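Notes follow once the structure below has been shown.
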Amino acid sequence: QVQLVESGGGLVQAGGSLRLSCAASGMIFSINDMGWYRQAPGKQRELVATITSGGKTNYADSVKGRFTISRDNAKNTVYLQMNSLKPEDTSVYYCNAEVVHTIVRIATPYWGQGTQVTVSS
């Protein structure tokens with residue numbers, strides 16, 4: 001039906017940068033909001049950043065000024081540029097997209113499989 005495939009995670013030293021990508025594919029008519037969330041071991045999943053189809057963004061206070069979310073609507077892809085990474089950014093990062101199906105025109109949230117980001121001190 002609809003798949004979200006993430007890429008770009010890895011191991012980086014504190015102060016470094018990573019860029020995450022998430023591509024949606026399948027029976028997609030349109031995509032409303034897209035976003036990134038993260039979940040560290042023993043903690044609840046938390047919002048990192050979201051972006052509307054029109055490009056309006058929202059960030060968690062902990063990442064403001066360091067992370068930038070963007071999207072390419074033609075490619076159904078959302079990106080997360082992460083700069084000045086800190087050890088506390090270490091988590092599994094999940095992308096999320098609210099997808100309107102081609103046939104059943106109902107918006108449904110989908111999640112990617114997650115990608116590990118590890119920041120060493």
Side-chain angles (χ1 to χ4, degrees):
Q1 295 243 358
V2 174
Q3 287 187 322
L4 301 183
V5 179
E6 299 149 346
S7 60
L11 173 64
V12 65
Q13 288 189 332
S17 299
L18 284 174
R19 188 190 193 211
L20 305 182
S21 300
C22 173
S25 62
M27 301 182 70
I28 298 171
F29 175 75
S30 64
I31 302 178
N32 297 333
D33 290 0
M34 302 184 83
W36 291 94
Y37 293 73
R38 65 188 182 186
Q39 187 168 18
K43 294 187 176 181
Q44 293 204 346
R45 190 171 297 187
E46 63 177 5
L47 179 147
V48 176
T50 61
I51 184 168
T52 69
S53 57
K56 184 176 181 181
T57 59
N58 179 55
Y59 295 93
D61 288 343
S62 59
V63 307
K64 282 181 181 177
R66 301 187 297 121
F67 291 9
T68 301
I69 189 170
S70 61
R71 64 190 281 175
D72 184 331
N73 290 331
K75 296 181 179 180
N76 291 331
T77 299
V78 63
Y79 305 96
L80 185 68
Q81 178 65 45
M82 304 184 293
N83 298 329
S84 302
L85 282 160
K86 304 175 181 180
E88 52 263 43
D89 294 318
T90 296
S91 280
V92 177
Y93 284 70
Y94 297 90
C95 73
N96 172 270
E98 189 177 74
V99 177
V100 179
H101 287 262
T102 300
I103 298 176
V104 181
R105 301 289 178 89
I106 297 175
T108 303
Y110 285 88
W111 292 91
Q113 79 283 1
T115 185
Q116 178 70 45
V117 171
T118 303
V119 184
S120 62
S121 57

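Remember, it's a predicted structure, so these values are computed and weren't measured experimentally.
- If you chain together hydrophobic residues whose side chains sit under 4.5 Å apart, F29 and I103 never meet in one group.
- Criterion: ILVMFWY side-chain heavy atoms under 4.5 Å apart, direct or through other members. Under it, V117 and V92 are not part of a common hydrophobic cluster.
- Two residues are said to be in side-chain contact when any heavy atoms from C-beta on lie closer than 4.5 Å; R38 and S62 meet this criterion.
- No side-chain donor-acceptor contact under 3.5 Å links N58 to the backbone of I51.
- Taking CG from D33 and CD from E98, the interatomic distance works out to 6.0 Å, rounded to the nearest 0.5 Å.
- Side-chain atoms of N73 come within 3.5 Å of backbone atoms of S53 as a donor-acceptor pair (strictly under, hydrogens ignored).
- Using modelled atom types, one side-chain atom of T90 and one backbone atom of V119 make a donor-acceptor pair closer than 3.5 Å.
- Residues V2 and I106 fall into different hydrophobic clusters, defined by Ile, Leu, Val, Met, Phe, Trp and Tyr side chains chained together at heavy-atom separations under 4.5 Å.
- The shortest non-hydrogen separation linking Y59 to I69 is OH-N, 2.9 Å.
- Remark: side-chain polar atoms of R71 are paired, donor with acceptor, to backbone N or O of T52 under 3.5 angstrom.
- Among all heavy-atom pairs drawn from A107 and N32, the shortest one is CB-ND2, 3.8 Å.
- Nearest heavy-atom pair, P87 versus A14, reported as atom, atom and distance to 0.1 Å: CD-CB, 4.1 Å.
- Remark: Y94 OH to T115 OG1 distance equals 10.0 Å, nearest 0.5 Å.
- Heavy-atom contacts from other residues, nucleotides or ligands closer than 6.0 Å to CD of Q3 number 12 or fewer.
- One distance of note links OG of S121 with CD of Q13; it measures 9.5 Å at 0.5 Å rounding.
- Of all the heavy atoms in S84 and R66, the pair that sits closest is O-NH1, 3.0 Å.
- The closest donor-acceptor contact from the side chain of T102 to the backbone of I28 lies under 3.5 Å.
- With a 4.5 Å cut-off on side-chain heavy atoms, R45 and W111 count as touching.
- Put simply, the side chain of S25 does not reach to within 4.5 Å of the side chain of V5, judged on heavy atoms.
- Judged as a side chain to side chain donor-acceptor pair (under 3.5 Å), and not counting sequence neighbours, Q1 has no contacts.
- Across every non-hydrogen atom of V78 and C95, the tightest pair is CG1-CB, 4.5 Å.
- Counting only heavy atoms from C-beta outward, the side chains of L18 and F67 never approach each other to under 4.5 Å.
- The CG atom of N83 sits 6.5 Å away from the OG1 atom of T68 when rounded to the nearest 0.5 Å.
- Between T50 atom OG1 and Y37 atom OH the span is 6.5 Å, to the nearest 0.5 Å.
- Following chains of ILVMFWY side-chain contacts shorter than 4.5 Å, one cannot reach V99 starting from Y79, and the two form parts of different hydrophobic clusters.
- Between atom CD1 of residue I31 and atom OH of residue Y110 there is a gap of 11.0 Å, rounded to the nearest 0.5 Å.
- The hydrophobic clustering, which links ILVMFWY residues whose side-chain heavy atoms are closer than 4.5 Å, places V100 and L4 apart.
- Pairs engaging residues 6-27 under the salt bridge (charged side-chain N to carboxylate O under 4.0 Å, His left out) rule: none recorded [sequence neighbours left out].
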Working note: D61 + K64, criterion salt bridge (charged side-chain N to carboxylate O under 4.0 Å, His left out); need CA distance, chi angles, decisive distance, verdict.
CA-CA 5 Å; D61 288 343; K64 282 181 181 177; 3.1 Å; yes
